[in-house]
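Here it is, the structure in full.
Computed from a predicted structure; not experimentally measured. First listed ligand is number 1; within each ligand, the first listed atom is number 1.
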Amino acid sequence: MCGIIGYAGHRPAVPLIVEGLRRLEYRGYDSAGVATVQNKEIDLVRAEGKLAALDEKLSHINVTNSTFGVGHTRWATHGVPVEKNAHPHLDHDKNIAMIHNGIIENYQEIKAELVTKGYEFRSDTDSEVLVNLIAEGRKHNDTMLKAVSWALNQVEGAYAIALVAVDEPGTVYAARVSSPMVMGVGVGENFVASDIPAFLPYTRKVVFIEDGELVKITSSSWEVFRAENLAPVEKEVQTINWDVQAAQKGGHKHFMIKEIFEQPKVISDCLAGRININSSTDIGEVVLPEISAMEPPERLHIIACGTSYHAGLWGKYLIEQWAKIPVDVEIASEFRYRDPLLSKGSLALAISQSGETADTLAGIKLAKQKGLPILGLCNVVGSSVARESDYIMYTQAGPEISVASTKAMCSQLTALLLLALYWGKRKGVLDEETYSRAVQDLRNLPSILDAELPAMRARAKELSREYSEANSFFYLGRGQYFPLALEGALKLKEISYIHAEGYAAGEMKHGPIALIDPKFPTFAMALKDELFPKVKSNLVEVQARGGEIIALTNPGVELDVEHRWILPEVWGPLNAFMALPALQLFAYETADYLGKDVDQPRNLAKSVTVE
Ligand code: G6P
């Protein structure tokens, strides 16, 4: 949560930082601010609300031409989202401006100590305590580098910070523990930020900063130290292959719709290099070099949050069915505080788009403590999940900017399906016919989905107009469609703020059906599979209580409901890849029609780096 950026280079810092913040705004949007230094003074501009409010404010003032500075977009933790709590925060004497993402857990003790030394505080934040502690450190140390290290040795918690100081023009310091930070290495300019898109237009050369590291950048140099003792750390510069366009809307109204439409490509990209085609037989074989050194696990514990958790639930069906591996799917925030029984031979699979979700990382830590190897399935290269995992499989979905996750889930389903095939084959428990059919049809799936998406969108639009007044929705499904029902409901509530519940269709009659009336519609996953007759009976029960139904279904399925939404039928589990965008599009069109802020829904953040 919160987006941070620090810049030291040759361009005017304020516009560059604000642009960078725009690309990070998905991380938080309660308030924003920027600080630069000129003529030994800090120039600080902050505004409550979205970045547009900061932009507006900046347009009325003369900003400095300073070529270094820091900026922040906030997702409030300590202190309500008003201007005084916005970042950057200044120390008492206004010599240092600091931005912070995370939580300083022992800030109250430190604050009490600083108050006795005469420090006064202007905000309710834990961050302001840290910047003052650094200022105090400066009194005891001859350089800012030492002062930052001195202060960080006293704080507990999670943080990514960046700061500028009046007595060191041209320099930005940054550090992290359990909050994301990456450095961008440019020509005559260097960057630090929470995420790569912040500086993507300027450089694709990155250095991933690890926990406990402290960074010093100027326009012409960068150095990394251990924060605790200032020992220099050797770092590798990596070149990432994301392009700038991928992090822009490319003519679409919202990132979300762009990302929904990218899903055919996401499937192809996730398959790339993972299916080897034998030219003589034309039958593909799943190769997963990332995990080839590992024996298939005896049991799998999937740990994830939000949409990634729903992907895990879906994966359970296939991994159990095809690879005959028992799978437990755990909500990370629950798993981390249990005393789970994890047997030898088990593997923990952490699924995370961002790779920075605090609960998922804590789940990884617990599983590790209990002796389990970790396989990470994540989208962001070099993220914390990737680095904490023993094995890492990247989902290759490209940058996902919209807060509501769409294409990342599609890529997670693809990867889980590959895992089920790979382990099933390696264990010799999956029949050849299913294996080759799955591989074959997976390869054809992107073009089928691509062709269908425009029609899906049109249907979603039509239906959204009819149901936008609804106060509540049920999403029902069975088997592999139950996790999708959960996801459909999550998407609708996240972005349109319409109450929605995902339910296993067979469970409806154990309580929830009491809610059904003519104003409480149901979105049913009634696709053609062996469970369809059961779903059909559940829908009849809903209709008997006067509930209206939209049913996602396939050609030739007999179903008497208000709205049949017919999707082309593909093979078996691949139908999930057709149903998922339909659910996403219905939520998208509803939210857009209702005039909601689709890409940045209220109270949410893309990457939840706090508990
Ligand atoms: C947040 C996002 C969700 C996401 C969840 C897990 O709540 O708003 O879209 O599914 O975090 O994130 P992860 O990055 O771990 O997949």
Side-chain angles (χ1 to χ4, degrees), residues 1-3 24-29 75 77 178-180 194-197 254-256 259-260 266 302-315 329-336 348-365 374-389 392-413 415-416 483-484 486-497 502 580 583-584 587-588 591 597-611:
M1 326 214 125
C2 301
L24 291 181
E25 204 183 6
Y26 67 85
R27 300 182 64 85
Y29 28 84
W75 191 87
T77 51
S178 303
S179 288
S194 314
D195 200 356
I196 296 166
H254 298 104
F255 278 111
M256 183 176 177
E259 289 162 5
I260 291 173
V266 162
I302 296 182
I303 311 164
C305 300
T307 293
S308 298
Y309 167 71
H310 295 157
L313 286 174
W314 183 85
V329 191
E330 312 261 9
I331 293 175
S333 56
E334 288 295 313
F335 178 80
R336 65 180 289 187
L349 169 61
I351 308 179
S352 174
Q353 186 285 130
S354 62
E356 300 295 346
T357 303
D359 285 321
T360 307
L361 284 164
I364 291 180
K365 208 165 156 194
I374 313 292
L375 168 60
L377 180 59
C378 101
N379 193 34
V380 178
V381 176
S383 59
S384 302
V385 166
R387 283 175 295 122
E388 292 296 321
S389 300
I392 178 74
M393 207 174 146
Y394 286 114
T395 49
Q396 323 269 37
E400 189 180 68
I401 308 290
S402 167
V403 167
S405 182
T406 54
K407 66 173 179 172
M409 181 167 179
C410 175
S411 68
Q412 290 162 349
L413 301 190
L416 287 163
L484 292 190
L486 295 177
E487 178 61 11
L490 178 65
K491 284 286 94 73
L492 190 71
K493 59 189 148 195
E494 271 182 313
I495 60 171
S496 73
Y497 316 143
L580 179 64
L583 296 166
Q584 296 164 344
Y588 172 79
D597 193 341
V598 172
D599 281 336
Q600 293 171 351
R602 69 184 180 205
N603 306 338
L604 300 182
K606 177 109 194 111
S607 169
V608 182
T609 54
V610 293
E611 252 190 78

Say whether Leu604 and ligand 1 are in contact under the criterion: heavy-atom distance to a ligand atom below 4.0 Å.
->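 Judged by the 4.0 Å heavy-atom criterion, Leu604 does not count as contacting ligand 1.
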Minimum-distance protein heavy atom relative to atom 11 (O) of ligand 1 =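 Looking at atom 11 (O) of ligand 1, the protein heavy atom closest to it is Lys606 O, 3.7 Å.
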Could you find the nearest protein heavy atom to atom 7 (O) of ligand 1 and give me its residue, atom name and distance?
->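 Checked against all protein heavy atoms, atom 7 (O) of ligand 1 sits closest to Val608 CG2, 3.7 Å.
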Is the backbone of Arg602 close enough, under 3.5 Å, to the side chain of Asp597 for a donor and an acceptor to pair up by distance?
->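 The answer is no, because no donor-acceptor pair under 3.5 Å joins these two groups.
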For atom 10 (O) of ligand 1, find the nearest protein heavy atom and state the residue, atom name and distance (0.1 Å precision).
->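 Checking every protein heavy atom, the shortest distance to atom 10 (O) of ligand 1 gives Thr307 N, 3.0 Å.
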For atom 8 (O) of ligand 1, grab the closest protein heavy atom and report residue, atom and distance to one decimal in Å.
->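 Looking only at protein heavy atoms, the one closest to atom 8 (O) of ligand 1 is Ala605 O, 3.0 Å.
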Please report which non-hydrogen protein atom sits nearest to atom 5 (C) of ligand 1, along with the residue it belongs to and the distance in Å to one decimal place.
->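 Answer, as residue, atom name and distance: Cys305 O, 4.1 Å.
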Run the side-chain hydrogen bond (donor to acceptor under 3.5 Å, both in side chains) check on Thr406 and Lys491 step by step: do they pass?
-> CA-CA 9 Å; Thr406 54; Lys491 284 286 94 73; over 6 Å; no
Does the N or O separation between Thr357 and ligand 1 drop below 3.5 Å for any pair?
->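 N/O-N/O distance below 3.5 Å exists for this pair.
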Kindly compute the distance separating NZ (Lys365) from CD1 (Ile374), expressed to the nearest 0.5 Å.
->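 Nearest 0.5 Å value for the NZ-CD1 distance: 12.5 Å.
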Look at Arg336 together with Asp359 and state whether they make a salt bridge at an N to O cut-off of under 4.0 Å.
->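 Answer for the salt bridge query: yes.
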Just one of Glu400, Gln353, Glu487 clears the side chain to side chain donor-acceptor pair (under 3.5 Å) bar with Ser405, so which one?
->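 That would be Glu400.
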Element-labelled atoms of ligand 1 that are located less than 4.0 Å from some non-hydrogen atom of Gln353 |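 Result: 13 (P), 14 (O), 15 (O), 16 (O).
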To which protein heavy atom is atom 16 (O) of ligand 1 closest, and what is the distance rounded to 0.1 Å?
->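 Checking every protein heavy atom, the shortest distance to atom 16 (O) of ligand 1 gives Ser308 OG, 2.5 Å.
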Determine the sole option in Ile303, Ile302, Val329 for which the side-chain contact (heavy atoms from CB on, under 4.5 Å) test with Tyr309 is passed.
->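 One option only clears the test, and that one is Val329.
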Atoms of ligand 1 less than 4.0 Å from Val403 heavy atoms?
->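 Those of ligand 1 that fall under 4.0 Å from Val403 are 8 (O), 9 (O).
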Are the side chain of Asn379 and the backbone of Ala397 linked by a donor-acceptor contact shorter than 3.5 Å?
->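 Answer holds: yes.
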Applying side-chain hydrogen bond (donor to acceptor under 3.5 Å, both in side chains), run through Gln396 and Ser411 and close with a yes or a no.
-> CA-CA 7 Å; Gln396 323 269 37; Ser411 68; over 6 Å; no
Which of the atoms of ligand 1 are close to Ser352, meaning less than 4.0 Å from one of its heavy atoms?
->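 This gives 13 (P), 14 (O), 15 (O), 16 (O) as the contact atoms.
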Please could you name the atoms of ligand 1 that Ser405 approaches to less than 4.0 Å, counting only its heavy atoms?
->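 So the atoms of ligand 1 that pass are 9 (O).
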